[in-house]
There are 2 protein chains.
Amino acid sequence: MSEIITQSIQDYLKHIYELNENGNTASTNDLAARLNIAPASVTGMLQKLASVSPALVVYKKHQGVTLTRAGEKAALEVIRHHRLLELYLVKALGYSWDEVHAEADRLEHFISEDFEARVAEALGHPERDPHGELIPTADLTMPMDESCPLASLRTDETATVKRVSDDDPALLRHLLEIGVLPEVKVIIENYSELDGNLTLHVEGQKSKIVLGTAITKRIFVEK
Amino acid sequence: MSEIITQSIQDYLKHIYELNENGNTASTNDLAARLNIAPASVTGMLQKLASVSPALVVYKKHQGVTLTRAGEKAALEVIRHHRLLELYLVKALGYSWDEVHAEADRLEHFISEDFEARVAEALGHPERDPHGELIPTADLTMPMDESCPLASLRTDETATVKRVSDDDPALLRHLLEIGVLPEVKVIIENYSELDGNLTLHVEGQKSKIVLGTAITKRIFVEK
DNA sequence: AATGTATTTTAGGTTAGACTAAATTATTTG
DNA sequence: CAAATAATTTAGTCTAACCTAAAATACATT
């Protein structure tokens, strides 16, 4: 009875997974905003995903949605595809790190398990994609992520950049320019109570930079 | 007003192109057989493709269908994607020539123009795919094909294999085994009036082989 | 030219996945 | 705690692309 997991369903599951990562359930509205779909349509799909067998999500009216193990597996499969593709596009076809997201977002739904395995092999079974995001393993478990948002650091703290959000090309180009890349060390020179801005020194760069929370919330570091 | 060319439409156009290659118009039934779609559904789609603006096909009731220049361009785009992907899968990811068709058939619809250009570059702008089929150029023209079916040769003729159909993995495995590959020379030892079988000697092989028309019609050679 | 067969078209129906407008339920705030 | 606001759900539509059954047309043969 195992149902067909369409491209559309894969997108729902992927975004539910990401919204669940902070321990929260995903709300209808948040999902709708992420998927660019009307909230009413999302409700319909969530009801369907909950009633399919095996169920892919646990859904209670007005209380948001979480993934079942079956839903999580399907989500991790798509995320694995996405991140392997991103790295492959950079390493094998010379894409820059701000160009890969859109391409991977389409192809992730259509590559075979064979293709996935060959790409993983060609890349030497990598742990992270070009933005530092962890790649789910072949047996569909997500490695532990120890990182926290750069925005949570305070004056005089030191940390290593681990990953950055991959979905905003303009942000990625900016980060490349100012040298904020995975595995680069940063020192917080100042935290502003007023606007949350961080002034920081980036390893290998001459001048200090100031970043607002719109940016620092999307950069993840380990202390 | 240029309409969206969906995956489904791309499939129709690709198969119409292939059916038109021998100079014939494509019949509703032939198309239905190729696409694995009921003839009635094909009629509906052909009417739509003819009435869209710009028209993608020229369609007259009961008289089959041909492509307009716009339809041909769209078809060549898909075929270029397919053949570049096939070659890339073999050269870069170690696929064998009987494994690539299914993967390329899915991905051809979803790669970007950027991806296409990078793959073409990585392959050195190749002329032919792993089965010897000609790859449409970047400006969407199909190179001249001078080949004819092996089935049309007669006793004592000599020829070079140029290409073989890519869509039957079992046939491809068999041809690999008997050494019938692009650029290999063959000599016709005998033609049988009765069943059309050809007995031939393949360059580099010890023993002669006998092939029926189901096979020899799918192998193309130049004399 | 008439008739049988094969091909093609029409008509009506289904499914997935979206939409909008209106109704309902929760949450926040005065 | 009631009213306002925000979030969610229901109900009814729409489109693309398929389906089947029946009708119509074309073609092939006597």
Side-chain angles (χ1 to χ4, degrees), chain A residues 1-16 19-20 24-66 71 74-75 78 105-106 108-110, chain B residues 1-16 19-20 24-66 71 74-75 78 105-106 108-110:
Chain A
M1 299 281 177
S2 184
E3 310 287 330
I4 294 155
I5 297 186
T6 63
Q7 177 185 356
S8 176
I9 292 176
Q10 288 179 5
D11 278 332
Y12 276 88
L13 297 176
K14 183 173 76 162
H15 283 101
I16 294 168
L19 287 168
N20 283 170
N24 308 322
T25 64
S27 77
T28 300
N29 258 18
D30 288 355
L31 257 178
R34 285 226 184 193
L35 293 164
N36 258 300
I37 287 173
S41 308
V42 173
T43 298
M45 181 60 103
L46 293 181
Q47 290 169 340
K48 177 180 160 182
L49 296 182
S51 65
V52 127
S53 133
L56 296 168
V57 305
V58 176
Y59 174 63
K60 284 181 185 151
K61 278 189 189 186
H62 296 276
Q63 309 204 157
V65 69
T66 54
V78 181
D105 240 18
R106 259 177 298 111
E108 64 188 8
H109 304 296
F110 305 108
Chain B
M1 300 278 178
S2 183
E3 310 288 329
I4 294 156
I5 298 187
T6 63
Q7 177 184 356
S8 176
I9 292 176
Q10 288 179 4
D11 278 332
Y12 275 87
L13 296 176
K14 183 174 74 162
H15 283 101
I16 294 167
L19 287 167
N20 282 172
N24 309 322
T25 65
S27 77
T28 300
N29 259 17
D30 287 356
L31 257 179
R34 285 228 184 192
L35 293 164
N36 258 301
I37 287 172
S41 308
V42 172
T43 297
M45 179 61 102
L46 293 181
Q47 289 169 340
K48 177 180 160 184
L49 296 182
S51 66
V52 128
S53 136
L56 296 168
V57 305
V58 176
Y59 173 63
K60 284 180 186 153
K61 278 189 188 184
H62 296 277
Q63 308 203 158
V65 69
T66 54
V78 182
D105 239 17
R106 259 177 297 112
E108 64 188 9
H109 305 295
F110 305 108

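Inter-axis angle, ends of the helix from C/dA1-D/dT30 to C/dG30-D/dC1, five pairs per end, rounded to 10 degrees: 10°.
Rounded to whole Å, atom C1' of C/dA18 lies 13 Å from atom CD1 of B/Ile4. Regarding B/Leu49, its CG atom lies at a distance of 9 Å from the P atom of D/dA17, rounded to whole Å. Put simply, CD1 on B/Ile9 is 9 Å from C1' on D/dA16, counting in whole angstrom units. Look at CD1 on A/Ile5: it is 15 Å from P on C/dA16, rounded to the nearest Å. As a whole-Å value, the separation of B/Met45 CE from D/dT15 C1' is 12 Å. Atom CG in A/Leu31 sits about 12 Å away from atom P in C/dA18, given to the nearest Å.
The closest side-chain heavy-atom distance from A/Asp105 to A/Lys14 is below 4.5 Å. Counting heavy atoms from C-beta on, the side chains of B/Val65 and B/Asn20 never come closer than 4.5 Å. Side-chain contact between B/Leu46 and B/Ile16 is present, with heavy atoms from C-beta onward closer than 4.5 Å.
Of all heavy-atom pairs between A/Val42 and A/Tyr12, the closest is CA-OH, 3.9 Å. Across all their heavy atoms, B/Pro39 and B/Thr28 have their closest contact at O-CG2, 3.6 Å. For the residue pair A/Tyr59 and A/Gly64, the shortest heavy atom distance occurs at CD1-O, 3.7 Å.
When each of C/dC19, D/dC18, C/dA16 is scored by its nearest atom to the side-chain atoms of B/Tyr12, the top-ranked nucleotide is D/dC18. Residue A/Thr6 has its side chain nearest to C/dA16 when only C/dA16, D/dC18, C/dA18 are considered.
Atom CZ of A/Arg106 is separated from atom CD of A/Glu108 by 10.5 Å, given to the nearest 0.5 angstrom.
When A/Ile4, A/Val78, A/Leu56 are each tested for a side-chain contact (heavy atoms from CB on, under 4.5 Å) with A/Ile9, only one passes: A/Leu56.
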Write down the protein N/O and nucleotide N/O pairs, taken from nucleotides 5-10 of chain D, whose separation is under 3.5 Å; answer none if there are no such pairs.
unit_1: D/dT8; atom_1: OP2; unit_2: A/Asn29; atom_2: N; d: 2.9
unit_1: D/dT8; atom_1: OP2; unit_2: A/Asn29; atom_2: OD1; d: 3.4
unit_1: D/dT9; atom_1: OP1; unit_2: A/Tyr59; atom_2: OH; d: 2.4
unit_1: D/dT9; atom_1: OP1; unit_2: A/His62; atom_2: N; d: 2.9
unit_1: D/dT9; atom_1: OP2; unit_2: A/Thr28; atom_2: OG1; d: 3.1
unit_1: D/dT9; atom_1: OP2; unit_2: A/Thr43; atom_2: OG1; d: 3.0
unit_1: D/dT9; atom_1: OP2; unit_2: A/Tyr59; atom_2: OH; d: 2.7
unit_1: D/dT10; atom_1: OP1; unit_2: A/Lys61; atom_2: NZ; d: 3.3
unit_1: D/dT10; atom_1: OP2; unit_2: A/Gln47; atom_2: NE2; d: 2.7

